[in-house]
Q: 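Can you read through this structure? Questions will come right after.
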2 protein chains.
Amino acid sequence: MAAQPHAPSATLQAALNEVAADIDRRFDLLLEVPDDPRADLYRAMRHAAMGGGKRLRPMLVNATAQLFGVDRDCAGRTGVALECIHVYSLIHDDLPAMDDDDMRHGKPSTHKAFDEATAILAGDCLHALAFEILADPLTHADPYVRVELLADLSRASGPNGMAGGQMMDLQAEKTSFDLPTVTRLQAMKTGALIAAAVEAGAILGRVPVEGRKHLRGYARDLGLAFQIADDILDVEGDEELAGKALRKDENAGKETFLSLLGLDRAREQARMLVDQAIAHLASYGPEADLLRDIARFVTARNH
Amino acid sequence: MAAQPHAPSATLQAALNEVAADIDRRFDLLLEVPDDPRADLYRAMRHAAMGGGKRLRPMLVNATAQLFGVDRDCAGRTGVALECIHVYSLIHDDLPAMDDDDMRHGKPSTHKAFDEATAILAGDCLHALAFEILADPLTHADPYVRVELLADLSRASGPNGMAGGQMMDLQAEKTSFDLPTVTRLQAMKTGALIAAAVEAGAILGRVPVEGRKHLRGYARDLGLAFQIADDILDVEGDEELAGKALRKDENAGKETFLSLLGLDRAREQARMLVDQAIAHLASYGPEADLLRDIARFVTARNH
């Protein structure tokens, strides 16, 4: 049975389209193919980075930054930096030695379209580019803001964030994790970068750390809801819509939210987390409607 | 015939030992093995990062920073960040899909001691940690300095620096590069990070960009001399001393400085570059002797 498809609100859909077009345009400029022996490296980065993906992380930077009237170009540059990290992680995760996935966003994964060496280097280059973009004064004139963005993103992507979570995920095939461990794994693997996107919006908005409590709560619950929805889609989803192989966790015998909670409780848990995420935004008015729509969307999406 | 062994000056040897001990101590603290499913990830990072290597890049940060009376801990933290990038690049370069090397620093390379997935992630984590260290106020209180260090290192390691050079190097097995192309390849692959180390010392010393011309000239010539010496060692060196497989370029039919220039002209060129590097330091007094010694050492070393 396919998951119940659910369209995002018209406002969110328009915002998602706008962000997707903006991110593609930015990657197009950033990754111009040079006329030298690095051409395939750039082609591989373009293949992985352009024309696919929900652009959830740039959307979150954007929606959070909007709360505080941040310049759109600053938010766009920050969003593309976060997306560089996300894309690099997908390239490396898809490698044969890792999750060994041949398809991504309905296209051959990068090591399939090019080769493994080029894919490894394309990932490494996008990783470095993320930090190069954030360190650039064009992203924000104030070095305090830039260095805080850099601290935020490096923490979220390293051994205590995304990459550490991916390491735990690889172990999950060999050991049977319990619910707290799966929750921690997912909070690191997917949650950390989602949280970093919301945090980046707040940093650009010069919200002091004390003022970020509600946004952090929103991001934490959103990240977890997103992952539970992902686990459900992995079992119930349509491979064609997803553009990648599904049901791999089940086949590998990995514990997931779904295997540990069962479908009904997993759905219930995701719904509860969405409500909770939205509740964290109670102090904001209609200017936070986009963030609320995003929370509803992550559990209702069909891919 | 083995290359003529040549000991570094007593002062340089003492400085190298001190930096090596300091870097190992810093990695030991940074990479404490957690009691969770990421333990092997940290063990892999320790395996790759500790107890091996000349620590040339931290030594250069240190020696340059000393010219300007920079706090030793700031220079040490910056040095370990640069070494994180260097070590990550070695882990990824050694992978089967890349240079396929089984030995490094006289030990099994990381994917041999662990597995490929762990090696890829250990590299990715060291990559992120480099930026996390530089973004930390402990590295320097002034965010201007930190963000400049971050810009310097991200540029030097990305597609226009180290990783771009590695991509060109992979192409070198398929195409026959001429001398200007090999020079550019090496300036990116090895030169960029060596230059970033010297630049980082100048940034920590708050030398304005206009005042860095001589140091940049020094770093450029040093990096090239280093690479020519490396090419000579690859042909003439002792595998046991090197702690890795040698003569791989020759067997792969890659053009190098040595294949393009011949041994005598390559040696002559390296010597000339060392003299030129030292000449760039003419405006400095004895406080730059360490940098001068380093330049002499890179072409005289036997591994």
Side-chain angles (χ1 to χ4, degrees), chain A residues 31 34 36-38 40-42 45 88-89 92 95-98 111 115-121 123-137 142-144 146-148 150-159 161-164 166-168 170-172 175 177 181 184-185, chain B residues 31 34 36-38 40-42 45 88-89 92 95-98 111 115-121 123-137 142-144 146-148 150-159 161-164 166-168 170-172 175 177 181 184-185:
Chain A
L31 302 174
D36 67 26
R38 296 169 305 153
D40 265 358
L41 175 67
Y42 278 80
M45 287 194 272
Y88 118 65
S89 80
H92 282 189
L95 287 167
M98 306 271 278
H111 66 275
D115 56 34
E116 277 185 57
T118 307
I120 294 168
L121 286 170
D124 290 343
C125 284
L126 287 165
H127 194 170
L129 281 172
F131 295 109
E132 196 177 333
I133 294 166
L134 294 184
D136 192 317
D142 185 342
Y144 275 93
R146 297 205 299 280
V147 89
E148 215 186 329
L150 285 155
D152 176 42
L153 191 57
S154 55
R155 255 195 317 262
S157 57
M162 189 185 76
Q166 174 65 8
M167 182 69 191
M168 289 181 72
L170 290 173
Q171 306 301 311
T175 346
F177 287 158
T181 310
R184 180 156 177 254
L185 182 169
Chain B
L31 302 174
D36 68 25
R38 297 169 305 153
D40 265 357
L41 176 66
Y42 277 79
M45 288 194 270
Y88 118 64
S89 80
H92 283 189
L95 287 167
M98 305 272 275
H111 66 275
D115 56 34
E116 278 186 56
T118 307
I120 294 167
L121 286 171
D124 290 343
C125 284
L126 286 165
H127 194 170
L129 280 173
F131 295 108
E132 197 178 332
I133 294 166
L134 294 183
D136 191 317
D142 185 341
Y144 275 94
R146 297 206 298 280
V147 88
E148 217 187 325
L150 285 155
D152 175 43
L153 191 57
S154 55
R155 256 194 317 262
S157 57
M162 189 185 77
Q166 174 65 6
M167 183 69 188
M168 290 181 71
L170 291 172
Q171 307 300 310
T175 348
F177 287 158
T181 311
R184 181 158 175 253
L185 183 170

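Letters A, B, ... mirror the listed sequences (proteins, then strands); counts begin at 1.
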Q: Counting heavy-atom pairs under 4.5 Å with chain A, which one of Val147(B), Asp40(B), Asp124(B) comes out on top?
A: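 Looking at each option in turn, the highest pair count goes to Asp124(B).
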Q: Using non-hydrogen atoms only, which part of Gln171(A) is less than 4.5 Å away from chain B: side chain, backbone, both, or neither?
A: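 Contact with chain B is through the side chain of Gln171(A) alone.
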Q: Tell me, do Leu121(A) and Met98(B) make a side-chain contact under 4.5 Å, heavy atoms counted?
A: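 Leu121(A) reaches Met98(B) side chain to side chain.
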Q: Among Gly158(A), Ala156(A), Gly164(A), which residue has the highest count of heavy-atom pairs closer than 4.5 Å to chain B?
A: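 That would be Gly164(A).
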Q: I'd like to verify something: which residue of Ala130(A), Pro159(A), Ala128(A) has the highest number of heavy-atom pairs under 4.5 Å with chain B?
A: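 Heavy-atom pair counts peak at Pro159(A).
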Q: Between Phe131(B) and Leu153(A), is the side-chain contact (heavy atoms from CB on, under 4.5 Å) condition met? List the steps.
A: CA-CA 9 Å; Phe131(B) 295 108; Leu153(A) 191 57; over 6 Å; no
Q: Side chain, backbone, both or neither: which part of Leu95(B) has a heavy atom under 4.5 Å from chain A?
A: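 For Leu95(B), side-chain heavy atoms alone lie under 4.5 Å from chain A.
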Q: Answer yes or no: is there a side-chain heavy-atom contact under 4.5 Å between Asp36(B) and Arg184(A)?
A: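 With C-beta onward as the side chain, the pair touches.
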Q: When rounded to the nearest 0.5 angstrom, what distance separates CZ in Arg38(B) from CG in Leu185(A)?
A: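 Going from CZ on Arg38(B) over to CG on Leu185(A), the span is 10.5 Å.
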Q: Picking from Ala172(A), Ser89(A), Ala117(A), Pro34(A), which has the most non-hydrogen pairs under 4.5 angstrom with chain B?
A: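 Result: the option with the highest number of such pairs is Ala117(A).
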Q: Report which part of Met45(B) has an atom under 4.5 Å of a heavy atom belonging to chain A: side chain, backbone, both, or neither.
A: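 Contact with chain A: side chain only.
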Q: Using a cut-off of under 4.5 Å on heavy-atom pairs, state which of Ala135(A), Pro143(A), Ser157(A) scores highest against chain B.
A: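 The answer is Pro143(A).
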Q: If I measure from the heavy atoms of chain A, does Leu150(B) come under 4.5 Å with its side chain, its backbone, both, or neither?
A: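 Both backbone and side chain.
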Q: I'd like to know which of Asp152(A), Asp142(A), Ile120(A) tops the heavy-atom pair count under 4.5 Å against chain B.
A: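 Going by pairs under 4.5 Å, I would pick Ile120(A).
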Q: In terms of heavy-atom pairs under 4.5 Å, which option from His127(A), Met167(A), Arg146(A) contacts chain B the most?
A: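 With the most close heavy-atom pairs to chain B, the winner is His127(A).
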Q: Please classify the contact between Leu41(B) and chain A as side chain, backbone, both or neither, with a heavy-atom cut-off of under 4.5 Å.
A: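 Both backbone and side chain.
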Q: For Asp115(B), give me all partners under side chain to side chain donor-acceptor pair (under 3.5 Å), at least two apart in sequence or on another chain.
A: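 Scan of Asp115(B) (side chain to side chain donor-acceptor pair (under 3.5 Å), adjacent residues dropped) gives Thr118(B).
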Q: For Arg155(B), what residues pass the side-chain contact (heavy atoms from CB on, under 4.5 Å) criterion, not counting sequence neighbours?
A: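 Once residues adjacent in sequence are excluded, the partners of Arg155(B) under the side-chain contact (heavy atoms from CB on, under 4.5 Å) criterion are Glu132(A), Ala151(B).
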Q: Heavy-atom pairs under 4.5 Å with chain A: which of Pro37(B), Ala163(B), Gly161(B) has the most?
A: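 Highest number of heavy-atom pairs under 4.5 Å: Pro37(B).
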